[in-house]
Peer 1: 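Before I ask anything, let me first share the structure, which is written out below as structure tokens.
Per chain, numbering begins at 1; letters A, B, ... match sequence-line order.
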Amino acid sequence: MASDDVKLIGAWASPYVMRPRIALNLKGVEYEFLEEKFGSKSELLLKSNPVYKKIPVLLHGGKPICESLIIVQYIDEAWSGHSILPSDPYHRAVARFWGHYIDDKWFPALTGISRAPTDEAKKEAIEQVFAGLKFLEEVLEKSGAGKPFFGGDTIGYIDIALGSHLGWLRATEKLSGLTYLDESKTPLLVCWAEKFSAHEAVKCVMPETDKLVEFAQMLKAKFSAPPSK
Amino acid sequence: MAEKGVKLFGLWASPFSLRVEWALKLKEVDYEFMDEDLQNKSQELLHYNPITKKIPVLVHNGKPLAESTVIVEYVDEAWPNGYRIMPQDPFERAQARFWARFAEDKCVPAVFNVSINSGEELKKAIKEAQEVLKTLEKALEGKKFFGGETIGYLDIVAGWMPCWLRMIEEIAEITVVDAETLPLMNAWFDNFLEVEVVKRSLPPKDKLYAFNRARREQFLSGQ
């Protein structure tokens, strides 16, 4: 096995798996994609990520790296070429902050909408999602200065962190009838979403919205079906 | 007028602002500590962190940053010619960040649950805390510190535990980590508390104990 052998354990529908795939594509790194079967976890996954047993896992020369944004940072540091994180320490820290915000605050609010126990809780979650998008619109406006991406002319860390959720965001819009990426509220983000999805490092790994809707409906049916005896 | 210097918005009793202080002290950076009243947050804090409105917030030459683990990495990069906090090798860095994430996601809530429970719930919380600490122990790999011979990023991120957990053990009259239950973790606790920069920056013991004793009582009486 070559010492620079690159494998990625993942699944097509996962936004977290998309992130290292985009990063590897941006760096022009060839890798083997090991798709996990839904409903079961492979021996390799359990061995490579014994702590969380979750995808994605990057295997570089057999050494495992886990947690999607940590993998993205690793890819940025291990391979030269396209810079994913900014070169300036302050802007790097700002990018990392938004990565945390997107994963720890914004995305849980999005998934929390369908799980909200009361109408009040649902309303609050929806408000949080819109508030988060408004913050991110401001970030794009300030850092972008007319540029298409958070990273400027090219895709960067925040683009990857947020953009990987576009598939599920669109699927949620279809399933709920609510528009989250609204041109009247966040016009820059709407434009950004299109450009991001069309980028050559992204379009081949962005799951189709209809397939995600189908997947979500299958999951819902599976988990709300009465237990079989 | 360009603002110069380093300000840290925090709370004297917060383990999260303390870890930023450790990073700054290791780098020998002068800073002004702005002690916040979390029930009555200052206009300055809200101006610098309108997103989450939380401490700690570091303001370096007028530019604000939030999220303590992000700030610690920033301190390492902004003052590169000093104490080395992050490992140099990308794989080692990924490991440090992974375990730091684990420490935040699993250890923080686990220890919090120990601090606010009693009776059967407390027994359950202790067991869960011991399990996550047993997992975190793996990152020590027989070394003195997570960072090797000297403290590094993961030590700084997890370092609140030697102080806070031992304090909670005393307040609640329980044992979570000792030489029998978790010998490697226990040894790391001892070693970490002996580090010079840690020793001289811990909050005043009596004041911190009283604060946490009151907090525990508040939670218990709310049950």
Peer 1: Under 4.5 Å from any heavy atom of chain A, what part of B:W99 do you find: side chain, backbone, both or neither?
Peer 2: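 Answer is side chain: those atoms of B:W99 sit under 4.5 Å from chain A.
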Peer 1: Quick check on the 6.0 Å ring-centre criterion: do A:F196 and A:F150 meet it?
Peer 2: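 No, the ring of A:F196 stays outside the 6.0 Å limit from the ring of A:F150, centre to centre.
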Peer 1: By a 4.5 Å heavy-atom criterion (distance strictly below it), what part of B:K138 contacts chain A: side chain, backbone, both, or neither?
Peer 2: neither
Peer 1: Of the backbone (N, CA, C, O) and the side chain (C-beta and beyond), which part of A:W98 lies under 4.5 Å from a heavy atom of chain B, both, or neither?
Peer 2: side chain
Peer 1: Using non-hydrogen atoms only, which part of B:R93 is less than 4.5 Å away from chain A: side chain, backbone, both, or neither?
Peer 2: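 For B:R93, the side chain is the part near chain A, not the backbone.
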Peer 1: Given that the side chain runs from C-beta out, which part of A:Y90 has a heavy atom under 4.5 Å from chain B: side chain, backbone, both or neither?
Peer 2: both
Peer 1: Verify the ring-centre separation between B:W12 and B:F211: is it less than 6.0 angstrom?
Peer 2: yes
Peer 1: A:R92, A:K105, A:E77: which one forms the most heavy-atom pairs within less than 4.5 Å of chain B?
Peer 2: A:E77
Peer 1: Test B:K123 against B:E120 for salt bridge (Lys or Arg N to Asp or Glu O under 4.0 Å), laying out the working first.
Peer 2: CA-CA 5 Å; B:K123 281 196 191 137; B:E120 279 309 307; 3.2 Å; yes
Peer 1: As an exercise: rank A:D76, A:V94, A:L69, A:D104 by heavy-atom pairs under 4.5 Å with chain B and give me the winner.
Peer 2: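 Highest number of heavy-atom pairs under 4.5 Å: A:D104.
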Peer 1: Check whether the ring centres of B:W22 and B:Y83 lie less than 6.0 Å apart, and answer yes or no.
Peer 2: no
Peer 1: Does the gap between the ring centers of B:F145 and B:F192 come in under 6.0 Å?
Peer 2: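 No.
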Peer 1: With only heavy atoms counted, which part of B:D105 is less than 4.5 Å from chain A, the side chain, the backbone, both or neither?
Peer 2: side chain
Peer 1: Which answer fits B:P80, side chain, backbone, both or neither, if we ask what part of it has an atom under 4.5 Å from a heavy atom of chain A?
Peer 2: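 Contact with chain A involves no heavy atom of B:P80 at all.
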Peer 1: Which residues satisfy the ring pair (Phe, Tyr, Trp, His ring centres under 6.0 Å) test with A:F107, sequence neighbours excluded?
Peer 2: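 Scan of A:F107 (ring pair (Phe, Tyr, Trp, His ring centres under 6.0 Å), adjacent residues dropped) gives A:H165.
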Peer 1: Examine A:Y52 together with B:F98 and report whether their ring centres are nearer than 6.0 Å.
Peer 2: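 Between A:Y52 and B:F98, the centre distance is under 6.0 Å.
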Peer 1: Measuring heavy-atom distances to chain B, does A:R96 have an atom under 4.5 Å in its side chain, in its backbone, in both, or in neither?
Peer 2: both
